Amino acid sequence: MAGHSKWKNIQRRKNAQDAKKGKIFMRHAKDIYTAAKQGGGDLSTNASLRLAVDKAKADNMPNDNIDRAIKKATGTLDGASFEEITYEGYGPSGVAVIVNVLTDNKNRTAADIRHAFKKHNGNLGENGSVSFMFDRKGYIVISNEDGSIDEDELTLEALEGGAEDISSEEDAYEIFTSPEEFQAVVAHLQESGFQIADSEVTLIPQTYSSLAENDESNMLNLIETLEENEDVQDIHHNLEVTD
């Protein structure tokens, strides 16, 4: 996994979204929904949900918005019927893409997703057409922008907590776990005093694709278009983003 930083993709995505002030609450709502869906709506037992809620509150997201996101994930939102759908397809030059959506109108969402792929030289595929190229993993990021974290100490703590692998990036450490051990590793690292910058159970590509400049730009535009769709919860792809 080393050498293919998922964190670089996350940074690019967050920087682009945070530049659009109106999108910040929507991103927090998606993060809260994902955490609650994966680990339940109880903050006392779901470390990822606590982290997502803390980040939302730090950006002054209203409590009503936070509660709504949790209730959507746990199926307790009155008067609403949402359906989870996964789309699989290919971006420019065959980059694998998986899009998870939560929608109350699947016909509208399907048309929007199909249009986004077509507009940016991609195409939708059948279920299973690209999912075999990804592994489901727990993913944890420890920021190290000031260089103060001892890599050996973090590695020992991560492995003791149940992690499978750790990768060192320029300003962060990426830690990978099995989905079953994810919550335990998050809790162990927090108890050991490490500040977690990001955490989720996600899909990690088995291989990455590098594209020519024009195709990469088109692929990044596809990702941005999908991210701007309010029904989209998660986007997974195997593009290796260049500097």
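Because the structure is predicted, anything quoted here is derived from the model rather than measured.
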*Asks:* If hydrophobic residues (ILVMFWY) are linked whenever their side-chain heavy atoms come closer than 4.5 Å, directly or via other members, who joins L156 in its cluster?
*Replies:* none
*Asks:* Verify, without hydrogens or angle tests, whether T103 (side chain) and N105 (backbone) share a donor-acceptor contact under 3.5 angstrom.
*Replies:*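 Checking the backbone N and O of N105 against the side chain of T103, a donor-acceptor pair under 3.5 Å is found.
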*Asks:* Applying side chain to side chain contact (heavy atoms under 4.5 Å, CB included) to I235 and L226, what does each step give before you reach the verdict?
*Replies:* CA-CA 8 Å; I235 303 166; L226 291 170; 3.5 Å; yes
*Asks:* Of all the heavy-atom pairs spanning D59 and F25, show the shortest one and how long it is.
*Replies:* O-CE2, 3.3 Å
*Asks:* Does any part of the side chain of Q190, heavy atoms only, come nearer than 4.5 Å to the side chain of V186, both counted from C-beta?
*Replies:* yes
*Asks:* In Å and rounded to the nearest 0.5 Å, what is the CZ to CG distance from R50 to L43?
*Replies:* 7.5 Å
*Asks:* Taking side chain as C-beta onward, heavy atoms only, is V97 less than 4.5 Å from V130?
*Replies:*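 In short, these two side chains do not touch, never coming nearer than 4.5 Å.
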*Asks:* Given side chains that start at C-beta, do those of E174 and I142 come closer than 4.5 Å, heavy atoms only?
*Replies:*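 E174 vs I142: side chains apart.
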*Asks:* To the nearest 0.5 Å, what is the distance between CD1 (I98) and CG (D234)?
*Replies:*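 The CG atom of D234 is 10.5 Å from CD1 of I98, to the nearest 0.5 Å.
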*Asks:* When hydrophobic residues are tied together by side-chain contacts of less than 4.5 Å, even through go-betweens, does I196 share a cluster with Y139?
*Replies:*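 No, I196 does not connect to Y139 through the hydrophobic network.
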*Asks:* Looking at CG of L222 and NE2 of H237, how far apart are the two atoms once the value is rounded to the nearest 0.5 Å?
*Replies:* 9.0 Å
*Asks:* Shortest non-hydrogen contact from M61 to I32?
*Replies:*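 Here M61 and I32 meet closest at SD-CD1, 4.4 Å.
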*Asks:* Ignoring hydrogens and geometry, is there a side-chain-to-backbone donor-acceptor pair from N46 to A35 under 3.5 Å?
*Replies:*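 Side chain of N46 to backbone of A35: a pair is present.
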*Asks:* Decide yes or no on salt bridge (Lys or Arg N to Asp or Glu O under 4.0 Å) for D67 and K72, but give the supporting numbers first.
*Replies:* CA-CA 9 Å; D67 291 340; K72 283 172 67 175; over 6 Å; no
*Asks:* Taking it one step at a time, do L124 and F117 satisfy side chain to side chain contact (heavy atoms under 4.5 Å, CB included)?
*Replies:* CA-CA 7 Å; L124 285 176; F117 273 84; 3.6 Å; yes
*Asks:* If you compare all heavy atoms of S209 against all heavy atoms of V95, which two are closest, and at what distance to 0.1 Å?
*Replies:*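 Residues S209 and V95, closest heavy atoms: CB-CG2, 4.2 Å.
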*Asks:* Any heavy-atom pair between the side chains of L220 and N218 that's under 4.5 Å?
*Replies:* no
*Asks:* Tell me, with the steps shown, if D135 and Q206 meet side chain to side chain donor-acceptor pair (under 3.5 Å).
*Replies:* CA-CA 7 Å; D135 294 320; Q206 297 169 359; 3.1 Å; yes
*Asks:* Any chain of hydrophobic side-chain contacts (each under 4.5 Å) joining L239 to Y87?
*Replies:* yes
*Asks:* Looking at E157 and L189, would you say the former's side chain and the latter's main chain have a donor-acceptor pair under 3.5 Å?
*Replies:*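 Not at all, since once roles are kept as given, no pair shorter than 3.5 Å links the two residues.
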*Asks:* Considering all heavy atoms of both residues, which atom of A29 and which atom of A69 are nearest to each other, and what is their separation?
*Replies:* O-CB, 3.6 Å
*Asks:* Do T34 and D31 touch side chain to side chain, with heavy atoms closer than 4.5 Å?
*Replies:* no
*Asks:* Examine distances only and state if a side-chain atom of S129 and a backbone atom of G125 form a donor-acceptor pair shorter than 3.5 Å.
*Replies:* no
*Asks:* Give a yes or no on this: more than 12 heavy atoms of other residues, nucleotides or ligands lie within 6.0 Å of atom CD of Q195.
*Replies:* no
*Asks:* Distance from S93 atom OG to L211 atom CG, nearest 0.5 Å?
*Replies:* 5.0 Å
*Asks:* Out of curiosity, does I204 fall in the hydrophobic cluster containing F182 (side-chain heavy atoms, cut-off under 4.5 Å, transitive links)?
*Replies:* no
*Asks:* Between R108 and D231, does the salt bridge (Lys or Arg N to Asp or Glu O under 4.0 Å) criterion hold? Intermediate values first, please.
*Replies:* CA-CA 10 Å; R108 177 200 66 217; D231 296 329; 2.8 Å; yes
*Asks:* For the atom pair CG (L51) and NZ (K55), what is the distance rounded to the nearest 0.5 Å?
*Replies:*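 Answer rounded to 0.5 Å: 4.5 Å.
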*Asks:* Take Q233 and K37 through the test side chain to side chain contact (heavy atoms under 4.5 Å, CB included) and record every step on the way to the result.
*Replies:* CA-CA 11 Å; Q233 298 296 303; K37 190 69 178 178; over 6 Å; no
*Asks:* Can you see which heavy atom on G40 is nearest to which on L49, and at what distance?
*Replies:* O-CD2, 3.5 Å
*Asks:* Measure the spacing between OG1 of T155 and CD1 of I149 and express it to the nearest 0.5 Å.
*Replies:* 10.5 Å
*Asks:* Determine whether a donor-acceptor pair (N or O, by modelled atom type, separation under 3.5 Å) exists between the side chain of E200 and the backbone of G138.
*Replies:*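 No, the answer is negative, given that no donor and acceptor are paired below the 3.5 Å cut-off.
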*Asks:* Is I66 close to K57 at the side-chain level, that is, under 4.5 Å between some pair of heavy atoms?
*Replies:*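 They are in contact (side-chain heavy atoms under 4.5 Å apart), so the answer is yes.
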*Asks:* Start with the C-alpha distance between H120 and T225, add both sets of side-chain angles, then the distance that settles side chain to side chain contact (heavy atoms under 4.5 Å, CB included), and finish with yes or no.
*Replies:* CA-CA 9 Å; H120 299 290; T225 299; 3.0 Å; yes
*Asks:* Are V141 and L154 joined in one hydrophobic group, where the rule is that I, L, V, M, F, W and Y side chains link up if heavy atoms are under 4.5 Å apart?
*Replies:*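 In one cluster: no.
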*Asks:* Do V185 and I140 come within less than 4.5 Å of each other through their side chains, counting heavy atoms only?
*Replies:* yes
*Asks:* Give the intermediate values and the outcome of side chain to side chain donor-acceptor pair (under 3.5 Å) for residues S167 and E169.
*Replies:* CA-CA 7 Å; S167 174; E169 300 301 327; 3.2 Å; yes
*Asks:* Measure across V201 and P179 and return the closest heavy-atom pair with its distance rounded to 0.1 Å.
*Replies:*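 For V201 and P179, the tightest heavy-atom pair comes out as CG1-CB, 4.2 Å.
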*Asks:* Is there side-chain contact between V99 and V101, with at least one heavy-atom pair below 4.5 Å?
*Replies:* yes
*Asks:* Should V232 and M219 be regarded as members of a common hydrophobic cluster, given that ILVMFWY residues are connected when their side-chain heavy atoms come within less than 4.5 Å of each other, either directly or indirectly?
*Replies:*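 Yes.
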*Asks:* Counting only heavy atoms not in N214 (residues, nucleotides, ligands), do more than 12 fall under 6.0 Å from its CG?
*Replies:* no
